[in-house]
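Below you'll find the structure, written out as structure tokens, and then a few comments.
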Amino acid sequence: RFFCAPLRARSTFLNAQRAHAHRVVDFRRTTPPPWTNFCPQRTKIEVAAPPLGIFSLPLQQRTEVALRPHVLNEQYHLQHNLTGMRIDIISVVPEMLDGFLNTSILARAQKKGLVEIHVHNLRDYTTDKHRRVDDYPYGGFAGMVMQCQPIDACIAALKAERDYDEVIFTSPDGEKFDQPMANSLSMKGNLIILCGHYKGIDYRIREHLITKEVSIGDFVLTGGELAAACMTDAIVRIIPGAIGDEQSALSDSFQDHLLAAPVYTRPADYKGWKVPDVLLSGHDAKIHEWEMAQSLERTKRLRPDLLEK
């Protein structure tokens, strides 16, 4: 029934749910809250309220805060001098990422203080005088393998400055990246993304330092930089404030395990190619009914596997 509601109603519901979800359990308080009189088994915990000052914000900005409580909208961020999300990308060829990470939505999100994105050249952390970060694999296998030492040194240097929620390795044999994973990662505070290269990385790094291995598809790239760029874009764009209209992100394909309905803009008639009459009617209920029908039809025809999830 939730997904049969109009998009705006869905957004309002999610805002309210996430606002309540922010009232997380806080073990630092010892004074029992009033409701523990009715729940004796809960006398050792306290519910932490949302940040002070949030209710002084306009309603629209409060909903933005509720969407992602630990990364607040731009105004609240500036008023309270809080930091947003941070993504550190480790790469052998960082120049591949420079243009992508500093344009469009990613650039605006960084300027607003919603996210910090830092790219680290792995060669800066090697002890090799020739700045090598790879070597031949044991066993006589083909290709070159990224060494433990520079990766360990880079991750250790970053962890010495702050805590990280995930240390992600981009690999074709990792967990498939999808919209639910992007949604989940957008709720994190700090992420490290290690870009694979050559034949791969020394497996000991994956055993001892990596917390999550991610693939963007069943194909092999020269390096993990493109995968890291795709993941970063998908994660950052759903942070409130990164795009102008949060409704747009909520109605994207895959958010409901459905493909998005077709979209149209002016003119209504171009070379005889006409916009469906229902979209010009102004009748919200009929437009929503058309949207759901189109979404289901396109999903059944193009991606029937999504309906099995």
Compare all side-chain heavy atoms of [X] with those of [Y] and state whether any distance is below 4.5 angstrom.
{"X": "Leu194", "Y": "Leu209", "result": "no"}
{"X": "Met231", "Y": "Leu191", "result": "no"}
{"X": "Glu225", "Y": "Phe100", "result": "no"}
{"X": "Ile205", "Y": "Met146", "result": "no"}
{"X": "Arg132", "Y": "Pro150", "result": "no"}
{"X": "Leu101", "Y": "Ile89", "result": "yes"}
{"X": "Asp134", "Y": "His197", "result": "no"}
{"X": "Arg131", "Y": "Asn121", "result": "yes"}

- Test: Asp202 and Arg204 ion pair at under 4.0 Å: yes
Approximate separation, where rounding is to 0.5 Å, of [X] [atom1] and [Y] [atom2]:
{"X": "Leu258", "Y": "Leu307", "atom1": "CG", "atom2": "CG", "answer": "6.5 Å"}
{"X": "Thr232", "Y": "Met85", "atom1": "OG1", "atom2": "CE", "answer": "8.5 Å"}
{"X": "Cys154", "Y": "Lys159", "atom1": "SG", "atom2": "NZ", "answer": "11.5 Å"}
{"X": "His288", "Y": "Ser295", "atom1": "NE2", "atom2": "OG", "answer": "10.0 Å"}
{"X": "Ile90", "Y": "Ile155", "atom1": "CD1", "atom2": "CD1", "answer": "4.5 Å"}
{"X": "Glu297", "Y": "Leu302", "atom1": "CD", "atom2": "CG", "answer": "7.5 Å"}

- Message: Before you tell me yes or no, could you show the steps for Ile87 and Val236 under side chain to side chain contact (heavy atoms under 4.5 Å, CB included), namely the whole-Å CA-CA distance, both residues' side-chain angles and the distance that decides it to 0.1 Å?
- Response: CA-CA 10 Å; Ile87 300 176; Val236 172; 4.0 Å; yes
Starting from [Y], can I reach [X] by hopping between I/L/V/M/F/W/Y residues whose side chains sit under 4.5 Å apart?
{"X": "Tyr125", "Y": "Met144", "answer": "no"}
{"X": "Tyr270", "Y": "Leu279", "answer": "no"}
{"X": "Ile201", "Y": "Leu226", "answer": "no"}
{"X": "Val92", "Y": "Ile192", "answer": "yes"}
{"X": "Val115", "Y": "Met181", "answer": "yes"}

Quick one: closest heavy-atom pair of [X] and [Y], and the distance?
{"X": "Leu306", "Y": "His257", "value": "CB-O, 3.4 Å"}
{"X": "Ser215", "Y": "Pro172", "value": "OG-O, 3.5 Å"}
{"X": "Leu114", "Y": "Ala242", "value": "CD1-N, 3.5 Å"}
{"X": "Ala229", "Y": "Leu97", "value": "CB-CD2, 4.0 Å"}
{"X": "Ile238", "Y": "Ala182", "value": "CD1-O, 3.7 Å"}
{"X": "Gly196", "Y": "Phe169", "value": "CA-CE1, 3.5 Å"}

- Task: Please report the C-alpha distance between Leu122 and Ile151 in whole Å, then the side-chain angles of each, then the deciding distance to 0.1 Å, and finally whether the side chain to side chain contact (heavy atoms under 4.5 Å, CB included) criterion is met.
- Result: CA-CA 7 Å; Leu122 188 62; Ile151 299 174; 3.9 Å; yes
- Excluding sequence neighbours, so at least two apart, what forms side-chain contact (heavy atoms from CB on, under 4.5 Å) with Pro262?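 Here the qualifying residues are Tyr264, Trp290, Gln294, Arg298.
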- Message: Applying salt bridge (charged side-chain N to carboxylate O under 4.0 Å, His left out) as the test, list every pair that has at least one member in residues 207-223; sequence neighbours left out.
- Response: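 Sorted pair list: Glu175-Lys212, Arg206-Glu213.
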Greater than 12 external heavy atoms within 6.0 Å of [X]'s [atom1]:
{"X": "Asp269", "atom1": "CG", "answer": "yes"}
{"X": "Arg162", "atom1": "CZ", "answer": "yes"}
{"X": "Asp173", "atom1": "CG", "answer": "yes"}
{"X": "Arg266", "atom1": "CZ", "answer": "no"}
{"X": "Phe141", "atom1": "CZ", "answer": "no"}

Are the side chain of [X] and the backbone N or O of [Y] linked by a donor-acceptor pair below 3.5 Å?
{"X": "Asp152", "Y": "Cys148", "result": "no"}
{"X": "Gln110", "Y": "Leu106", "result": "yes"}
{"X": "Glu166", "Y": "Leu185", "result": "no"}
{"X": "Asn190", "Y": "Asp165", "result": "no"}
{"X": "Ser91", "Y": "Val93", "result": "yes"}

- Could you walk me through whether Lys188 and Tyr164 pass side chain to side chain contact (heavy atoms under 4.5 Å, CB included), step by step? CA-CA 9 Å; Lys188 305 294 184 181; Tyr164 285 89; over 6 Å; no
- Message: As a test of understanding, state which of Thr170, Ile168, Ile193 forms a side-chain contact (heavy atoms from CB on, under 4.5 Å) with Val214.
- Response: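 Exactly one pass, corresponding to Ile168.
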- Which is it for Arg123 and Asp128 under the side chain to side chain contact (heavy atoms under 4.5 Å, CB included) test, yes or no, and what are the steps along the way? CA-CA 9 Å; Arg123 299 184 190 279; Asp128 185 86; over 6 Å; no
